[in-house]
Amino acid sequence: MDIGTLYRGIESARGLDGPSTGLRRRILEITERSDRSRTIAALLRGAAVGHPLHPALVAVPAGAWTASLIFDTVLRDPKTARRLVGLGLISTPPVLLTGWLDWSERGDVARRVGLVHAASNAVGIWSFAASYRLRGKDSLALARVFSVLGLAAVGVGGALGGHIVFKLMDDPAVEAAATPVLDPILDVVN
């Protein structure tokens, strides 16, 4: 089985449509309540910069957690590793908020993949939370196991997020409004 088969399996998991529809409806109820909530949601979706904020914000926890593993395994500095795990954890709320707002504007197939993306990242976040807590209790070996598990889960989540952005784009009207048209450095259309 190749990765494409796994992606297609998630894309066709219609059993995710019920939870997806209910969660999307709730997010849109909150964001469409007033002019102020619509303005805030638009800013969090990246209206001010012309593209979604979520992919840029993801770099902070992902980078911190990757660096923490390097400090743990290569540099043998568990104190710095714990600080980096903590930095990753405190930087997740805006990542989650912007991710769910972006997700709420996607089509059915992308939202299915998005739910699995979110579940994988939730496993990663909880794993790093456990790692952080264990580091405070002198359980470094187990903390490292949770860090590796967390990074693996976040990696899977990142692959799914990339699939949503770069492969699915299943609602051209929404996707066109949320994505830059031209990458000036690479001189390609996204």
Side-chain angles (χ1 to χ4, degrees), residues 1-63 91-126 150-190:
M1 179 182 304
D2 66 8
I3 193 77
T5 303
L6 292 172
Y7 285 146
R8 286 187 295 280
I10 297 168
E11 291 170 14
S12 63
R14 294 187 188 279
L16 295 173
D17 289 349
S20 172
T21 300
L23 185 54
R24 179 177 187 257
R25 184 179 305 122
R26 185 68 184 125
I27 291 169
L28 294 177
E29 284 172 5
I30 292 167
T31 60
E32 298 296 320
R33 245 182 221 155
S34 66
D35 287 340
R36 183 176 180 197
S37 64
R38 280 188 288 279
T39 301
I40 292 169
L43 289 171
L44 290 170
R45 285 182 175 120
V49 295
H51 58 80
L53 296 175
H54 179 72
L57 295 177
V58 165
V60 178
S91 66
T92 58
V95 174
L96 295 172
L97 184 59
T98 56
W100 282 113
L101 287 170
D102 290 349
W103 173 86
S104 71
E105 293 189 324
R106 301 288 182 248
D108 291 343
V109 173
R111 284 198 321 272
R112 290 175 195 148
V113 177
L115 285 178
V116 179
H117 162 78
S120 181
N121 285 323
V123 169
I125 292 165
W126 282 105
L151 197 58
V154 168
V156 169
L160 291 167
H163 181 68
I164 294 167
V165 172
F166 295 111
K167 184 72 173 164
L168 293 179
M169 302 300 195
D170 58 359
D171 187 350
V174 171
E175 300 301 339
T179 351
V181 177
L182 177 69
D183 182 324
I185 295 173
L186 298 177
D187 197 29
V188 295
V189 175
N190 287 344

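Hydrogens, waters and symmetry mates play no part in the numbers below; they use all other heavy atoms, side chains included.
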> Going by the ring pair (Phe, Tyr, Trp, His ring centres under 6.0 Å) test, which pairs reach into residues 9-35, not counting sequence neighbours?
Replying inline: none
>> Within the 4.5 Å heavy-atom criterion, are Arg112 and Glu11 side-chain neighbours or not?
In response: no
> Is there any ring pair (Phe, Tyr, Trp, His ring centres under 6.0 Å) pair reaching into residues 91-115, and which pairs are they, with sequence neighbours excluded?
Replying inline: Trp100-Trp103
> How would you list, by chain and number, every residue that makes a side chain to side chain donor-acceptor pair (under 3.5 Å) with Arg33, sequence neighbours excluded?
Replying inline: none
>> The criterion is side chain to side chain donor-acceptor pair (under 3.5 Å); which residues satisfy it with Thr92, sequence neighbours excluded?
In response: none
> Who are the salt bridge (Lys or Arg N to Asp or Glu O under 4.0 Å) partners of Arg8, not counting sequence neighbours?
Replying inline: none
> Roughly how far apart are Leu43 CG and Leu101 CG, rounded to 0.5 Å?
Replying inline: 11.0 Å
> Which residues satisfy the side chain to side chain contact (heavy atoms under 4.5 Å, CB included) test with Val95, sequence neighbours excluded?
Replying inline: His54, Leu57, Val58, Pro61
> Do Val156 and Val123 come close enough that some side-chain heavy atom pair is under 4.5 Å?
Replying inline: no
> Given Ile27 and Ile30, is the side-chain contact (heavy atoms from CB on, under 4.5 Å) satisfied, shown in steps?
Replying inline: CA-CA 5 Å; Ile27 291 169; Ile30 292 167; 6.0 Å; no
> Any side-chain donor-acceptor pair under 3.5 Å between Asp2 and Thr5?
Replying inline: yes
> When you look at Leu16 and Val116, which way does the side-chain contact (heavy atoms from CB on, under 4.5 Å) test go after all the steps?
Replying inline: CA-CA 9 Å; Leu16 295 173; Val116 179; 4.0 Å; yes
> Which residues satisfy the side chain to side chain contact (heavy atoms under 4.5 Å, CB included) test with Val60, sequence neighbours excluded?
Replying inline: Ser91
> If you count the non-hydrogen atoms of other residues, nucleotides and ligands that lie under 6.0 Å from CZ in Arg14, is the total more than 12?
Replying inline: no
> So, the side chain of Arg111 versus the backbone of Arg106: is there a donor-acceptor pair under 3.5 Å, distance only?
Replying inline: yes
> Considering residues at least two apart in sequence or located in another chain, which fulfil the side chain to side chain donor-acceptor pair (under 3.5 Å) criterion with Ser120?
Replying inline: none
> Any ion pair linking Asp102 and Arg45 (charged N to carboxylate O, less than 4.0 Å)?
Replying inline: no
> Does anything in residues 6-48 pair up under ring pair (Phe, Tyr, Trp, His ring centres under 6.0 Å), and if so which pairs, sequence neighbours excluded?
Replying inline: Tyr7-His163
> Yes or no on side-chain contact (heavy atoms from CB on, under 4.5 Å) for Thr31 and Leu44, after CA distance, side-chain angles and deciding distance?
Replying inline: CA-CA 11 Å; Thr31 60; Leu44 290 170; over 6 Å; no
> With sequence neighbours left out, what residues match Arg25 under side chain to side chain donor-acceptor pair (under 3.5 Å)?
Replying inline: none
> Could you give all pairs that pass the salt bridge (charged side-chain N to carboxylate O under 4.0 Å, His left out) test and reach residues 49-63, with sequence neighbours left out?
Replying inline: none
>> Distance check, rounded to the nearest 0.5 Å: Leu6 atom CG versus Leu160 atom CG?
In response: 9.0 Å
> What pairs of residues pass the ring pair (Phe, Tyr, Trp, His ring centres under 6.0 Å) test when at least one of them lies in residues 16-39, not counting sequence neighbours?
Replying inline: none
> In Å and rounded to the nearest 0.5 Å, what is the CG to CG distance from Leu23 to Leu28?
Replying inline: 9.5 Å
